[in-house]
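The structure appears below as structure tokens.
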There are 2 protein chains.
Amino acid sequence: MERTAEHTSTAVDDYLKSIFHLTRGSVRAGTRDIADALRISQASVTAMLKKLAAMEPPMVDYRKREGVVLTKHGEKRALSVIRHHRLLETFLYQTLGYSWDEVHDEACRLEHVISDRFEEGLVKLLGNPTHDPHGDPIPDHKLRLGRTATEALSALHPGDRVVVERVDDKDAELLRYLAGKSVLPGRRILVLSRSNFDGNLSLQVSGCRGKVVLGPEIAERIFVRLDR
Amino acid sequence: MERTAEHTSTAVDDYLKSIFHLTRGSVRAGTRDIADALRISQASVTAMLKKLAAMEPPMVDYRKREGVVLTKHGEKRALSVIRHHRLLETFLYQTLGYSWDEVHDEACRLEHVISDRFEEGLVKLLGNPTHDPHGDPIPDHKLRLGRTATEALSALHPGDRVVVERVDDKDAELLRYLAGKSVLPGRRILVLSRSNFDGNLSLQVSGCRGKVVLGPEIAERIFVRLDR
DNA sequence: ATTCCGACTTAGTTGAGACTAACTTTCAAC
DNA sequence: GTTGAAAGTTAGTCTCAACTAAGTCGGAAT
């Protein structure tokens with residue numbers, strides 16, 4: 001009902017979130033990468049990057065043909081949206097009984113709309129959680145992002161014992177597939193072998209009889225820490 | 001993140017909701033009334049009414065200079081949004097610990113965005129509630145709106161004993177004021193007297209020592225049923 | 001019957017945020 | 001060094017939903 005203009009729009013939030021994720025590792029995000037992540041045209045991205053850079057205070061440092069990074073302000077805003085997103089995922093999973101693969105899309109819609117009061121309510125209800133259902137760390141109330149030293153499952157060798165920490169949450173079909181194989185955050189895994197031919201990993205998963213075989217593209221999206 | 005186009009937009013939802021509320025009682029809603037309710041210009045309303053009438057299926061029956069009513073489809077949609085709104089208010093109040101006057105604005109933002117799955121989760125969590133914290137009936141899953149035979153407190157006479165059923169929820173300041181006087185849904189009230197001079201009502205409220213005096217504009221926004 | 005006011009409509013504009021089409025820059029391969 | 005593709009930018013357009021300004025309509029009071 002209330003036609004209250006938000007300080008930053010849904011679209012702006014989405015751009016900042018994408019840039020945040022894309023600039024983990026690489027220094028600057030390219031127009032192309034952002035366009036692909038948001039499934040919009042490159043031209044639209046160029047236009048928006050100019051706006052983000054022209055805001056007061058500026059949300060990004062944008063240089064033509066060199067890409068963007070977030071400014072301090074842009075990063076704060078991105079982390080705030082990510083905090084909302086991950087708190088919501090945790091809530092949907094724990095309180096509303098959503099399955100693992102359903103939480104992402106709903107959280108994407110709600111994250112732009114909830115107030116500080118709502119966030120506070122969730123924190124209290126959920127007991128100040130530190131990780132969402134996929135194992136991603138939830139930025140704290142000062143928007144400091146916890147790090148969990150992890151590596152991709154695909155980088156392991158036979159004999160390694162690890163615990164699943166986090167799974168890339170973008171792809172609902174993948175999540176459903178992995179849930180079927182019991183590859184969930186918290187599960188322990190023993191790497192049995194790796195094929196020299198196709199790179200497939202053969203795994204023993206705790207609480208699951210028989211072995212699980214995963215292709216390298218999938219193993220790259222599962223993050224683990226060493227067990228013990 | 002996902003740029004999924006909703007079937008009806010936030011703006012459309014708000015128009016349908018307004019028209020629904022305005023056409024309780026009066027037959028057709030006028031452009032002026034809708035403009036005031038949504039705090040936008042008359043011209044904007046005229047433009048949107050044309051669009052709503054041109055939709056497939058049409059959401060309203062609009063006749064120039066005669067006003068609008070909802071069609072069956074428009075009413076279904078309005079009731080769906082109202083169901084979302086009132087379920088959310090109940091959730092915010094009961095589960096997240098919001099106060100009486102905080103729930104409306106937050107629900108107004110969330111109501112457009114939650115999925116059927118979310119609605120279902122709320123219903124299960126809250127035990128299929130029939131009324132929101134202000135006493136308004138929540139449309140059921142078939143979108144049938146329960147009626148509670150009530151009359152405005154302002155229509156009562158000295159000696160009447162009533163129970164507060166519902167309070168107009170639009171005005172957060174009013175809600176805070178009434179909460180301070182313990183005029184809440186469920187409270188019993190005895191009407192002590194009414195002033196011939198200014199129409200003020202003098203009341204005895206259950207669980208509250210001393211009497212409460214309310215002006216007629218306020219009493220018009222409090223709905224009650226007879227006690228016993 | 002005229003007048004006047006308020007409700008309503010029309011016409012034209014704006015700003016967000018998307019799009020396509022066409023041009024430029026960069027860079028790797030030859 | 002030229003060339004060709006991929007990445008990036010510019011220019012112009014579209015839709016949505018708001019706006020203002022300038023009319024029109026209709027009913028009540030004179």
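First the proteins, then the strands, lettered A, B, ... as listed; each starts at 1. All values reported here derive from a predicted model rather than from experimental measurement.
- Protein atom NZ of B/Lys50 is 15 Å distant from nucleotide atom P of D/dA17, rounded to whole Å.
- A/Arg24 forms a cation-pi arrangement with A/Phe20, by the criterion of a distance under 6.0 Å to the ring centre and an angle within 45° of the ring axis.
- Residues passing the ring-ring contact (aromatic ring centres under 6.0 Å, His included) test with A/Phe91, sequence neighbours excluded: B/Phe91.
- Applying the side chain to side chain donor-acceptor pair (under 3.5 Å) test to pairs two or more places apart or on separate chains, none has a residue in residues 65-75 of chain A.
- Separating the CG atom of B/Leu49 from the C1' atom of C/dC8 is a distance of 11 Å, rounded to the nearest angstrom.
- Contact check, B/Ser9 against D/dA17: a side-chain N or O comes under 4.0 Å of OP1 or OP2.
- Applying the 4.0 Å criterion to OP1 and OP2 of C/dC19, one finds that A/Ser44 has a side-chain N or O inside that range.
- Dashed line: the shortest gap from a side-chain N or O of B/Tyr15 to OP1 or OP2 of D/dC16 is not under 4.0 Å.
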For residues 29-38 of chain A, which side-chain donor-acceptor pairs fall under 3.5 Å, sequence neighbours excluded?
{"unit_1": "A/Arg32", "atom_1": "NE", "unit_2": "A/Asp36", "atom_2": "OD1", "d": "3.4"}
{"unit_1": "A/Arg32", "atom_1": "NH2", "unit_2": "A/Asp36", "atom_2": "OD1", "d": "3.2"}
{"unit_1": "A/Asp33", "atom_1": "OD2", "unit_2": "A/Gly30", "atom_2": "N", "d": "3.1"}

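- Between the CG atom of A/Asp13 and the C1' atom of C/dG17 there is a distance of 14 Å, given to the nearest Å.
- Residues passing the salt bridge (charged side-chain N to carboxylate O under 4.0 Å, His left out) test with B/Glu220, sequence neighbours excluded: none.
- Applying the salt bridge (charged side-chain N to carboxylate O under 4.0 Å, His left out) test to residues at least two apart or on different chains, the pairs with a partner in residues 79-100 of chain A are A/Arg83-A/Glu119, A/Arg86-A/Asp132.
- One atom, CD1 of A/Ile40, and another, P of C/dG17, lie 11 Å apart when rounded to the nearest Å.
- Between the NE2 atom of A/His112 and the P atom of C/dA16 there is a distance of 18 Å, rounded to whole Å.
- In this structure, the nucleotide among C/dC19, D/dA18, C/dT10 sitting nearest to the side chain of B/Ala43 is C/dT10.
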Between N or O atoms, less than 3.5 Å apart, protein on one side and nucleotides 4-8 of chain D on the other: list the pairs.
{"unit_1": "D/dG8", "atom_1": "OP2", "unit_2": "A/Thr31", "atom_2": "N", "d": "3.4"}
{"unit_1": "D/dG8", "atom_1": "OP2", "unit_2": "A/Arg32", "atom_2": "N", "d": "2.6"}
{"unit_1": "D/dG8", "atom_1": "OP2", "unit_2": "A/Gln42", "atom_2": "NE2", "d": "3.4"}
{"unit_1": "D/dG8", "atom_1": "O3'", "unit_2": "A/Arg65", "atom_2": "N", "d": "3.3"}
{"unit_1": "D/dG8", "atom_1": "N7", "unit_2": "A/Gln42", "atom_2": "OE1", "d": "3.1"}

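- Under 4.0 angstrom from either OP1 or OP2 of D/dA18 there lies no side-chain N or O belonging to B/Ser41.
- Between the C1' atom of C/dC19 and the CZ atom of A/Arg39 lies a distance of 17 Å, rounded to the nearest Å.
- Closest of all the heavy-atom pairs between A/Pro216 and A/Ser154 is O-CB, 4.2 Å.
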